[in-house]
There are 2 protein chains.
Amino acid sequence: MNLLGYLEEDITIKKPLNLKQVAAQLGVSTATVSNAFNRPDQLSASLRDRILKESAELGYFGPNLAARSLRRGESGVIGVMLADSLSYSFSDPVANQLLQGIAEVLVDKQKQLLLLSSGVVSAQQSSAESLPDGFVLYGALAGNAFNQILRTGKPVVTVDFESSGTASVNIDNEQGAFTIANHALAKQQHPEVAVLGLRLIDAGRVCRLTAPDITTHSGEISRSRLAGYFRAAQGLHCSISPERIWHIPVNSPAQAEIAAREALTSLPRPTTLLCMSDVIALAAIRVAQSLGISVPSELQVTGFDDIPEAARSTPALTTVCQQSLEKGRVAAQMLLEGNPTTSITLETRLVVRDSCL
Amino acid sequence: MNLLGYLEEDITIKKPLNLKQVAAQLGVSTATVSNAFNRPDQLSASLRDRILKESAELGYFGPNLAARSLRRGESGVIGVMLADSLSYSFSDPVANQLLQGIAEVLVDKQKQLLLLSSGVVSAQQSSAESLPDGFVLYGALAGNAFNQILRTGKPVVTVDFESSGTASVNIDNEQGAFTIANHALAKQQHPEVAVLGLRLIDAGRVCRLTAPDITTHSGEISRSRLAGYFRAAQGLHCSISPERIWHIPVNSPAQAEIAAREALTSLPRPTTLLCMSDVIALAAIRVAQSLGISVPSELQVTGFDDIPEAARSTPALTTVCQQSLEKGRVAAQMLLEGNPTTSITLETRLVVRDSCL
DNA sequence: TTGTAAGCGTTATCAT
DNA sequence: ATGATAACGCTTACAA
């Protein structure tokens, strides 16, 4: 093989065909090839079939996405931006269910999914957010990422947080928390309540709250849930003091176990553990078992989320279903069907299983 | 507001700024703005800072991705293509761990993640696979999707399957299965073995195998695991007949429970259940518990994968760690660091916990 | 039905 | 450091 031959082959491998070359090969105009891929009505079915078939044989599988979206102003890609880091999100069952719901709709509507995490975008020199035709934003985004996306002027649906002017999908966290706390506390005479809370304050370690922490606002969702717990407790004339509320910085089993162990070895020992996520609650059940504390007879545990694992554990977890999967579906549908403007609040549902009867 | 005003405003909202407009606003040339974003060495630091700052204030956050990648021939996007449907993959703990590992590396290297599922691509008229600079392919892809990606000539790393000429990350499924089967069977006198297999044949329902199924090859991975089980059994002079092998079409708890129930109510009742995934094994443990069969004293259960939930269940699951997270990391690193050509086989590790001592 | 050509927003080259 | 300009691959209005 000579140098020229080598170069030719190299080019063949490196550069995919483009529409112009295909048109030349097939002996038709570029317009016709383009129409074959984009506007079936502009040519005869037989010609279209021939072009599609033969171009596939040549190794051309459709117009280059960058060029096409540059020209058309749309890409067929939907961006999903996650407040937490990407790799963490894949380990979080709630985020996974949301993504699952979104993916269902996108596949159905033939859209591609570009995953963005708020950290990367702001650091990036080229704006990946210029490509997608629309966005699902999950959770309160760090810093300017949110504004950056809004300024694109593209349709946006936010999930689990709201911002005036954009469509959103939410649940009533306060109400869900109230309902389950009420369920847990109503039937006990003198419940000893502890709360295992998620992201209540701005601290990187597991710790108890202090009185001033109660009035400070930090994470919206957690604060709503805490408010729901308080409302239920007050209605039943029992109280939850700050030092019986634990802050857990990340929704991970490891952190949750630390907090659960602290709570369950503190005195007086809690008889009820209100947990702000299922991951936390499941960890609490494991810790209780390892300490020889029987659930639910000696300790009632409640969760929040209703992740799949909640139904599988023993004892099965009593929790609040927040329909994460449906959230994802609804968000994606709103995004893809017309101009999204409305805000939707999905129902939460008390799911009574064995950990708190 | 008059019609013209309305239109102007509409345009302002709809069309994001472009580099040319920004250059005009700032009173510099397009080349300079472009250089500010792409080639810091081409202008003074102070000018660059001014441009970056002021263009952000104008609402310009960096060059349009479609235009940039059209021009440069690269996009900064990595495509991950999953053999299974996207929404299913998000529910599968193994796929999630792989994605987590990939995401770690991509975030670190400032790459974006485009998720493709093999179903969508082939049906799509525009080729989304033209955008990414490289691909991680997970699992044996349906139909032409694989070839379509290879023909792009872009770097590819395959995970959990091999194809000559492309780099790959794999584990030794046969060896892993052999090791755990050997562990499970070696210490019993006359073990009654049943296998709960994943995707062994081409059938959509849970069912037992028949003799001819044993020789037919279908899913590569499952077949390797089955071969490992057989090798271990033969070495210990015990046998596994086809009607003691169940086929489960999807790695879901629901399907697995059906198979487990069949297996555990069949006679003679198995004393050892070799399961081809942790999801299946965990389902088997739950079914055993519901039938009053004690694990591990009356029934030994082994899994495969070592998903996070395996360590958390009671009894904790004895399984084979296949390092899914590391697989993802390695695959992404291979893809991003130079021309990937090598094939790597990651170690599997027997993890003895309580379900099979 | 087909061919032609403008232009989408960017980068890179070249001369200035 | 700048200005002008040619691509990158495609879509589409328009003319034939």
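So that the names make sense, note that chain A is the first sequence line, chain B the second, and so on, each numbered from 1.
- The nearest pair of heavy atoms linking A:Ala83 to A:Gly139 is CB-C, 3.8 Å.
- For the residue pair A:Ser75 and A:Asp133, a side-chain donor N or O sits within less than 3.5 Å of a side-chain acceptor on the partner.
- Between A:Ser29 and C:dT2 there is no side-chain polar atom (N or O) within less than 4.0 angstrom of OP1 or OP2.
- Judged by distance alone, the side chains of A:Ser117 and A:Ser85 never bring a donor and an acceptor atom under 3.5 Å apart.
- The side chain of B:Leu19 lies closest to C:dT10, out of C:dT1, C:dT10, D:dA1.
- Contact check, B:Thr30 against D:dG3: no side-chain N or O comes under 4.0 Å of OP1 or OP2.
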Discussion item. Between A:Glu74 and A:Lys154, is the salt bridge (Lys or Arg N to Asp or Glu O under 4.0 Å) condition met? List the steps.
Written reply: CA-CA 10 Å; A:Glu74 62 177 65; A:Lys154 295 173 188 169; over 6 Å; no
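- The interatomic distance linking B:Arg71 (CZ) with C:dG7 (P) rounds to 19 Å, in whole Å.
- Residue B:Thr32 has no polar side-chain atom (N or O) positioned under 4.0 Å from OP1 or OP2 of D:dA1.
- Distances from the side chain of B:Arg72 to the nucleotides D:dA1, C:dT10, C:dT11 place C:dT11 closest.
- The phosphate of C:dT10 has neither OP1 nor OP2 within less than 4.0 Å of any side-chain N or O from B:Ser34.
- Here D:dA7 presents its P atom at 10 Å from NZ of A:Lys20, a figure rounded to the nearest Å.
- A straight line from CD of A:Glu74 to C1' of D:dT12 spans 14 Å, rounded to a whole angstrom.
- Side-chain N/O atoms of A:Asn64 include none lying less than 4.0 angstrom from OP1 or OP2 on D:dG9.
- Taking the nucleotide of DNA chain D with the nearest heavy atom to each of A:Arg39 and B:Ala67, the more 5' of the two is matched to B:Ala67.
- Atom-to-atom, CG of A:Asn38 to C1' of D:dT12 comes out at 10 Å; the value is rounded to the nearest Å.
- Contact annotation: B:Tyr60 side-chain N/O to C:dT10 OP1/OP2 distance is under 4.0 Å.
- B:Ser69 comes within 4.0 angstrom of no nucleic acid atom, judged by non-hydrogen atoms across all strands.
- Following rounding to the nearest Å, A:Arg48 (CZ) and C:dT1 (P) show an atom-to-atom distance of 13 Å.
- The nearest whole Å value for the distance from the CZ atom in B:Arg68 to the P atom in D:dG9 is 17 Å.
- You'll find the side chain of A:Arg151 stays beyond 4.5 Å of the side chain of B:Leu17, heavy atoms only.
- Atom pair A:Asn35:CG and D:dC14:P shows a separation of 15 Å (rounding to whole Å applied).
- Atom CG in B:Leu70 sits about 8 Å away from atom C1' in D:dC10, given to the nearest Å.
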